[in-house]
There are 2 protein chains.
Amino acid sequence: MSGFGPDAVFLADCPARLTVELLADKWTAVVLYGLSEGPVRHGELIEMIGGISRKMLTQTLRRLEAHGLISRHAYAEVPPRVEYELTPLGATLIDPIHMLTEWARAHGDAVLDALDADHEPLAHGD
Amino acid sequence: MSGFGPDAVFLADCPARLTVELLADKWTAVVLYGLSEGPVRHGELIEMIGGISRKMLTQTLRRLEAHGLISRHAYAEVPPRVEYELTPLGATLIDPIHMLTEWARAHGDAVLDALDADHEPLAHGD
DNA sequence: CAGGCTAGGTTTCCGATGGGAACCGCCAGG
DNA sequence: CCTGGCGGTTCCCATCGGAAACCTAGCCTG
């Protein structure tokens, strides 16, 4: 434990840890990705993402807004219309997220394979 | 909901979602990063990371192992010694994770600034 | 005019999850 | 024989996440 080099950046209390934990949510990355092509409404995100509850979506959006990654535009119409949009800061996160999806596209298969091998280790004679 | 383009890859039930959710843990990315420079022992990870409990570390390591991203080497010694190491598959994740840390290094400041502005919106006259 | 509809958000309730800390097993050494 | 070091598990509790009902507010329909 004596010398992890300058790469230890995100193993302690540095801003990197904060940011990684900001993204380390089940929904954060997905929501950001959902906004990557332009303003999207609350209800659209619900349908796009699939599996997220209103509560968690709102909560995630609020957090991203508080962190300056997205902006919220509420139109005083009836029925109410609310659109969310990436800020320039939030837009800079799309590239890293794309890298993750690219990784998934390339290696997701291998991960599923490993998972399968691990779940049934006695399927062929223990 | 009619045409999000081919980029909708990870908004549904595709493998990308699975993988993103695999990483969407408070500790997963940090642990992988901690292993990025070679085999590391359980206790070393505890000290490197700081804030993680034994339970969560073990749990995270088990999951990563099940997904084929790391391998576990237990030496029948006394006191027990257990080392964890990235598999070749796991090593391919280091690049994407580095992108996140780079992003954090570049924009973490802006995020903290936005957070601060949001937390005290009435600090200068409501 | 009353009730229902839409759409975003909040509240309530409950099951799942995460963290802390104590405990376990193992064996060498004092 | 008791302690100490290390990896891991168990127990307990606080928090979180999800489902679904409720709320607001104005238009439309009956």
Side-chain angles (χ1 to χ4, degrees), chain A residues 1-2 11-13 17-18 20-32 34-35 38-67 70-86 118, chain B residues 1-2 11-13 17-18 20-32 34-35 38-67 70-86 118:
Chain A
M1 68 196 79
S2 49
L11 297 175
D13 56 359
R17 259 296 267 289
L18 192 158
V20 167
E21 293 191 3
L22 161 65
L23 291 177
D25 248 12
K26 190 173 178 183
W27 300 115
T28 309
V30 191
V31 168
L32 285 174
L35 296 177
V40 180
R41 300 178 60 173
H42 178 100
E44 287 177 319
L45 283 170
I46 292 280
E47 308 231 348
M48 286 167 79
I49 293 176
I52 195 173
S53 62
R54 287 194 200 298
K55 188 176 78 167
M56 285 315 295
L57 177 58
T58 301
Q59 191 171 309
T60 303
L61 290 167
R62 289 285 134 80
R63 183 147 52 109
L64 292 176
E65 192 188 5
H67 284 77
I70 67 175
S71 56
R72 180 179 184 275
H73 307 286
Y75 299 91
E77 299 174 352
V78 165
R81 184 162 63 98
V82 180
E83 285 186 345
Y84 295 91
E85 187 178 14
L86 289 179
D118 193 84
Chain B
M1 70 189 82
S2 50
L11 296 175
D13 55 359
R17 259 296 266 287
L18 192 157
V20 168
E21 293 191 2
L22 161 65
L23 292 177
D25 251 7
K26 191 172 177 182
W27 300 114
T28 308
V30 191
V31 169
L32 285 174
L35 296 176
V40 180
R41 298 178 61 172
H42 178 100
E44 287 177 320
L45 283 170
I46 293 280
E47 308 232 348
M48 284 167 79
I49 294 177
I52 194 172
S53 63
R54 289 197 198 298
K55 188 176 81 169
M56 286 315 296
L57 178 58
T58 301
Q59 191 170 309
T60 303
L61 291 167
R62 289 285 134 80
R63 183 146 53 110
L64 292 176
E65 191 187 6
H67 284 75
I70 67 175
S71 57
R72 180 179 185 275
H73 308 287
Y75 300 91
E77 298 174 355
V78 164
R81 184 163 63 99
V82 181
E83 286 186 345
Y84 295 91
E85 187 178 14
L86 289 177
D118 194 85

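Values below: all heavy atoms of this structure, side chains included; hydrogens, waters and symmetry mates excluded. Since this is a predicted model, take the numbers as computed values, not measurements. We name chains A, B, ... by the order of the sequence lines, and we start the count at 1 in each one.
Residues satisfying the side-chain contact (heavy atoms from CB on, under 4.5 Å) test with V82(A), not counting sequence neighbours, are R72(A), A74(A), Y84(A). Residues satisfying the side-chain contact (heavy atoms from CB on, under 4.5 Å) criterion with T28(B), sequence neighbours excluded, are L23(B), D25(B), L32(B), T60(B), R63(B), L64(B). R81(B) pairs by the salt bridge (charged side-chain N to carboxylate O under 4.0 Å, His left out) definition with E77(B), E83(B), not counting sequence neighbours. Residues that satisfy the salt bridge (charged side-chain N to carboxylate O under 4.0 Å, His left out) test with E65(B), not counting sequence neighbours, are absent from this structure. Legend: residues meeting side-chain hydrogen bond (donor to acceptor under 3.5 Å, both in side chains) with S53(B), ordered by chain and number and at least two apart, are absent. Applying the side-chain hydrogen bond (donor to acceptor under 3.5 Å, both in side chains) test to E85(A) and every residue at least two apart in sequence or in another chain returns H73(A). Scored by the side-chain contact (heavy atoms from CB on, under 4.5 Å) test, A24(A) finds no partners at all (sequence neighbours excluded).
Here Q59(A) lies in heavy-atom contact (under 4.0 Å) with sugar-phosphate atoms only.
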Atom pairs, N/O to N/O, protein against nucleotides 8-11 of chain C, distance under 3.5 Å?
{"from": "dG8(C)", "atom 1": "OP1", "to": "R41(A)", "atom 2": "NE", "distance (Å)": "3.1"}
{"from": "dG8(C)", "atom 1": "OP1", "to": "R41(A)", "atom 2": "NH2", "distance (Å)": "3.2"}
{"from": "dG8(C)", "atom 1": "OP2", "to": "G43(A)", "atom 2": "N", "distance (Å)": "3.2"}
{"from": "dG9(C)", "atom 1": "OP1", "to": "R62(A)", "atom 2": "NH2", "distance (Å)": "3.1"}
{"from": "dG9(C)", "atom 1": "OP1", "to": "R72(A)", "atom 2": "NE", "distance (Å)": "3.0"}
{"from": "dG9(C)", "atom 1": "OP1", "to": "R72(A)", "atom 2": "NH2", "distance (Å)": "2.5"}
{"from": "dG9(C)", "atom 1": "OP1", "to": "Y84(A)", "atom 2": "OH", "distance (Å)": "2.8"}
{"from": "dG9(C)", "atom 1": "OP2", "to": "H42(A)", "atom 2": "ND1", "distance (Å)": "2.7"}
{"from": "dG9(C)", "atom 1": "OP2", "to": "Y84(A)", "atom 2": "OH", "distance (Å)": "3.1"}
{"from": "dT10(C)", "atom 1": "OP1", "to": "R62(A)", "atom 2": "NH1", "distance (Å)": "3.4"}
{"from": "dT10(C)", "atom 1": "OP2", "to": "R62(A)", "atom 2": "NH1", "distance (Å)": "3.4"}

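Comparing V78(B) and M56(A) along DNA chain D, the residue whose closest nucleotide (by nearest heavy atom) sits nearer the 5' end is V78(B).
With a heavy-atom cut-off of 4.0 Å to chain B, the contacted part of DNA chain D has its first and last nucleotide at dC6(D) to dC11(D).
Among all heavy-atom pairs drawn from T58(B) and H42(B), the shortest one is OG1-CE1, 3.4 Å.
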